[in-house]
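Working notes, structure below.
Being a predicted model, the structure only gives us computed values, none of them experimental. Just so you know, ligand 1 is whichever comes first in the structure, and atom 1 is the first atom listed for that ligand.
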Amino acid sequence: MRRATAALLALALALALTGCAGEKAAAPALLFRYADNQPDEYPTTKAAEYFARLVEERTDGAIVIRVFADGVLGDERGVLRQMQFGGIDFARVSTTALGDDVPETKILQLPYLFRDGEHMLRVLDGEIGDALLEAIRGADVIGLCWFDAGARNLYTRTPVHGLADLEGLTIRVQESDFLSRMVQLWGAKAVQMPYNEVYSALQTGLIDGAENNWPSYEATGHYEAAPYYLLDGHTRLPEVMLVSLVAMEKIRALDPACEAVLLECAREAALYERELWKQQEVASEAALRETGVVVSALSEEERRAFRDAIRPMYEEFPPAEQALIERIKNS
Ligand code: GCU
């Protein structure tokens, strides 16, 4: 009896360590590509590497994922299109990239939706976040987990203290009409362009500013041309790890148990990313302040003016989704 228990325990342990796909593979059964448009040392890329390591360990080398950082596999929309045809297997993208294919995710682009980072993560880790991950299937890809990307702030080539200074400036936004609307409501001109084109657009003066979180502002070098950073915290755009349907089919065919292992690794990678994120946000802010970036905050009055200006974005949201906005606000 005792021996049987011991044998069972050993088996359970072996299964827990192996996860799926059986014995140590001599060569990977599946080799996948993972795209991220951030550089190697960025929190999302480190989390991608961590995810790849966990998957390799827990499938005993049967599934190997190679991470391609720095946008070498293309900009986020291009990556998404390639994933829909199975050309790229995994990616981490900003939720904005999904807005056209999965209108439900547009809700995450609403300015001033979340009170703070904790509020956002609570929503994403609950029923609403699960339902949005599920909705991502509408883009013919599978959403695995949510990453933190902090608050986005405006930065410009000339100082901006309020709406009057923004008037007539050209501000880059991600490829989203919804985000263009935000900038237009503030009285500026919006230009949509892919992330990797923003640096030269700022340098040449094609645009007067852009908006992003501290780590991106640092990693891209945008602060060199646009050294005025305004802490208006207008959006918190979470990021999402995706797997293509084609890759998921291959994983299930290898061993149906691998799907759960993959999900578990993704969730652990998300927790890891969120920890790295917190540290990176503080480190990037400190480094940039040291570099001489001019940081300013909005006065109470201006803060209200920024919020009031974008109110139509809430009102124009389809009535069916007003209840969801309320639920998020009250979470
Ligand atoms: C953030 C995000 C990127 C995104 C970029 C952008 O940096 O991490 O994935 O492409 O914003 O503004 O386009």
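At distances below 3.5 Å, not a single donor-acceptor pair connects side-chain atoms of Glu259 with backbone N or O atoms of Met248.
Proximity of Asn37 to ligand 1 is established by a heavy-atom distance of less than 4.0 Å. At least one heavy atom of Arg92 sits closer than 4.0 Å to an atom of ligand 1.
Electrostatic pairing of Asp89 and Arg33 does not count as a salt bridge here, judged by no charged N lying under 4.0 Å from a carboxylate O.
The hydrophobic clustering, which links ILVMFWY residues whose side-chain heavy atoms are closer than 4.5 Å, places Leu133 and Tyr34 apart.
Counting heavy atoms under 4.0 Å from ligand 1, residue Asn212 touches it through the side chain alone. Only the side chain of Arg152 comes within 4.0 Å of ligand 1, judged by heavy-atom distances.
With hydrogens left out, the protein atom closest to atom 13 (O) of ligand 1 is Arg172 NH2, 2.9 Å, a heavy atom. Ranking the protein heavy atoms by distance from atom 9 (O) of ligand 1 puts Glu76 OE2, 2.5 Å first. Remark: minimum distance from atom 2 (C) of ligand 1 to any protein heavy atom is reached at Glu239 OE2, 3.0 Å. Nearest protein neighbour of atom 7 (O) of ligand 1, counting heavy atoms only, is Ser216 OG, 2.6 Å.
For Phe317 and Phe178, the gap between ring centers is short of 6.0 Å.
Tyr314 places a side-chain heavy atom less than 4.5 Å from the side chain of Ile325.
Of the residues listed (Glu76, Gln109, Arg152, Gln174), the one engaging Ser94 in a side chain to side chain donor-acceptor pair (under 3.5 Å) is Gln174, and it is the only one.
Here's the thing with Tyr195: one of its N/O atoms is less than 3.5 angstrom from an N/O atom of ligand 1.
Residue Gln38 approaches ligand 1 through these ligand atoms, each under 4.0 Å from one of its heavy atoms: 1 (C), 2 (C), 3 (C), 7 (O), 8 (O).
When the ring pair (Phe, Tyr, Trp, His ring centres under 6.0 Å) test is applied to Phe147, no partner is found at least two apart in sequence or on another chain.
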